[in-house]
2 protein chains.
Amino acid sequence: MTPKAHFAEKLRLAGLRPTRQRVAIATLLLDGRHRHVTADSLTEEITAAGLHVSGGTVYNTLNQFTEAGLLRRVMVHNDYSLFDTNTDHHHHFYEAENDQLVDIPHDDVILAQLPAAPDGHEIKAVDVVIHIQSKNS
Amino acid sequence: MTPKAHFAEKLRLAGLRPTRQRVAIATLLLDGRHRHVTADSLTEEITAAGLHVSGGTVYNTLNQFTEAGLLRRVMVHNDYSLFDTNTDHHHHFYEAENDQLVDIPHDDVILAQLPAAPDGHEIKAVDVVIHIQSKNS
DNA sequence: AACTAGTTTAAAATCATTCTAAAGAGCCTT
DNA sequence: AAGGCTCTTTAGAATGATTTTAAACTAGTT
């Protein structure tokens with residue numbers, strides 16, 4: 001199977017029509033490498049690959065991929081959106097000083113006790129963000 | 001001690017000059033009631049109290065209070081900033097559907113194991129956000 | 001090839017937040 | 001109480017990420 005067909009299929013399974021731009025973005029983001037991207041950094045990657053996708057579509061695609069579970073939104077500040085290509089269950093270190101986000105392997109955080117969700121609700125996800133700072137600051 | 005003098009002193013201790021607007025906002029937010037506010041909701045409270053503080057000052061004050069440890073910023077989405085008047089160590093439930101934030105008592109979450117901070121860094125804070133959704137959705 | 005619904009586009013619009021320059025107010029000194 | 005110095009506040013402009021718009025395009029179907 002060609003890479004293009006592979007990602008087209010992946011998008012179809014996610015309920016997304018495999019358009020040229022979505023396949024291009026999937027090829028860049030969903031290759032298994034774990035990293036964190038922004039609308040801006042993704043646009044740079046697209047440009048570096050000799051392609052062009054309009055700004056609106058970059059935003060739409062990031063949102064749609066997230067909605068479809070192909071990406072995960074990481075919440076550490078309010079300046080701009082961050083997306084994680086690793087959708088497995090894991091947590092993050094965040095250093096505000098340098099706006100640096102680092103993955104924490106799943107097993108390194110153990111939640112021994114969780115509260116029950118409020119009545120009529122169920123737990124969808126548990127996000128742990130450990131804020132760190134350099135020692136001499 | 002008058003309430004005004006009380007909050008003026010509190011601000012001085014936090015390293016903030018007790019101006020009329022900062023005392024007014026402290027009186028509204030730092031009375032011990034635990035709640036979550038936004039720049040918008042705070043502006044409404046100020047107006048409801050028959051006062052007026054410019055938009056820029058509302059934002060500045062929220063940031064300064066947070067910096068001074070009088071408020072805590074809560075990160076659950078990227079739409080606008082949320083502040084918690086409860087600065088004690090505790091975590092949150094977040095229901096995205098209704099943009100609803102609910103406190104979790106400190107003792108209801110037990111972190112049995114935390115990873116060591118990366119070299120040269122130390123842990124400043126650990127935030128746990130439990131995303132919930134209503135069962136029939 | 002033709003059709004239709006979903007998608008992309010560039011540009012305009014939105015909206016929270018920050019910045020600006022001028023006016024005002026704490027607060028220290030006399 | 002007046003003077004003065006610095007920090008604050010103000011209204012309005014500016015910023016910047018994100019969303020919306022309306023028109024052009026395309027994937028998938030007939």
Side-chain angles (χ1 to χ4, degrees), chain A residues 2 4-5 7-28 36-44 46-47 49 51-68 70-71 73-83 96 99, chain B residues 2 4-5 7-28 36-44 46-47 49 51-68 70-71 73-83 96 99:
Chain A
T2 71
K4 184 174 160 184
F7 287 112
E9 187 54 25
K10 204 164 184 173
L11 289 173
R12 256 189 220 97
L13 285 174
L16 295 170
R17 187 191 286 188
T19 64
R20 193 182 305 126
Q21 350 342 39
R22 294 210 270 237
V23 171
I25 292 176
T27 304
L28 290 171
H36 306 119
V37 301
T38 64
D40 227 46
S41 78
L42 173 55
T43 300
E44 279 177 30
I46 292 169
T47 304
L51 305 171
H52 174 76
V53 173
S54 77
T57 297
V58 169
Y59 280 102
N60 283 339
T61 305
L62 285 171
N63 288 333
Q64 292 154 352
F65 279 24
T66 302
E67 185 73 20
L70 301 173
L71 291 177
R73 196 184 287 269
V74 185
M75 231 63 87
V76 286
H77 62 219
N78 284 333
D79 298 337
Y80 47 81
S81 293
L82 266 173
F83 299 86
D99 190 20
Chain B
T2 70
K4 184 175 162 184
F7 287 112
E9 187 56 23
K10 203 164 183 172
L11 290 172
R12 258 192 219 93
L13 285 173
L16 295 170
R17 188 190 285 188
T19 64
R20 194 181 303 128
Q21 353 338 39
R22 293 210 270 236
V23 171
I25 292 176
T27 304
L28 289 171
H36 306 119
V37 301
T38 64
D40 226 45
S41 78
L42 174 55
T43 300
E44 278 177 30
I46 292 169
T47 303
L51 306 171
H52 175 77
V53 174
S54 77
T57 296
V58 169
Y59 280 104
N60 283 338
T61 305
L62 285 170
N63 288 333
Q64 292 154 352
F65 279 22
T66 302
E67 185 74 20
L70 302 174
L71 290 177
R73 196 184 289 268
V74 184
M75 230 63 87
V76 286
H77 62 218
N78 283 332
D79 298 337
Y80 46 83
S81 292
L82 266 174
F83 300 87
D99 190 20

Does the protein touch nucleotides 13-29 of chain C at the base, only the backbone, or not at all? Give it as B, S and - per nucleotide, heavy atoms under 4.0 Å. ---SBB------SBS--

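- With B/Thr61 contributing its side chain and B/Thr57 its backbone, the two residues share a donor-acceptor pair below 3.5 Å.
- A distance of 11.0 Å separates CG of B/Leu71 from CD of B/Gln64, quoted to the nearest 0.5 Å.
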Run B/Phe65 and B/Arg22 through side-chain contact (heavy atoms from CB on, under 4.5 Å) and show every step you take. CA-CA 9 Å; B/Phe65 279 22; B/Arg22 293 210 270 236; 4.3 Å; yes

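- Closest approach of A/Asp99 to A/His77, counting heavy atoms only: OD1-CE1, 3.2 Å.
- With a cutoff of under 4.0 Å to any heavy atom of chain A, the contacted region of DNA chain D is bounded 5' to 3' by D/dA17 to D/dG28.
- A/Pro18 and A/Leu11 make their closest contact through CA-CD1, 4.0 Å (heavy atoms, listed as atom of the first residue, atom of the second, distance).
- Contact detail for B/Asn78 and A/Tyr80: the closest heavy-atom pair is ND2-O, 3.9 Å.
- In this structure, the side chains of A/Asn63 and A/Phe83 come closer than 4.5 Å at one or more pairs of heavy atoms.
- Closest of all the heavy-atom pairs between B/Phe7 and B/Ala26 is CE2-O, 3.7 Å.
- Of all non-hydrogen atoms in B/Ala68 and B/Leu16, the two that sit nearest each other are CB-CD1, 4.3 Å.
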Give the C-alpha distance, both sets of side-chain angles, the deciding distance and a yes or no for side-chain contact (heavy atoms from CB on, under 4.5 Å) between B/Leu42 and B/Val53. CA-CA 10 Å; B/Leu42 174 55; B/Val53 174; over 6 Å; no

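- Taking five base pairs at each end of the helix from C/dA1-D/dT30 to C/dT30-D/dA1, the local helix axes there meet at an angle of 30°, rounded to 10°.
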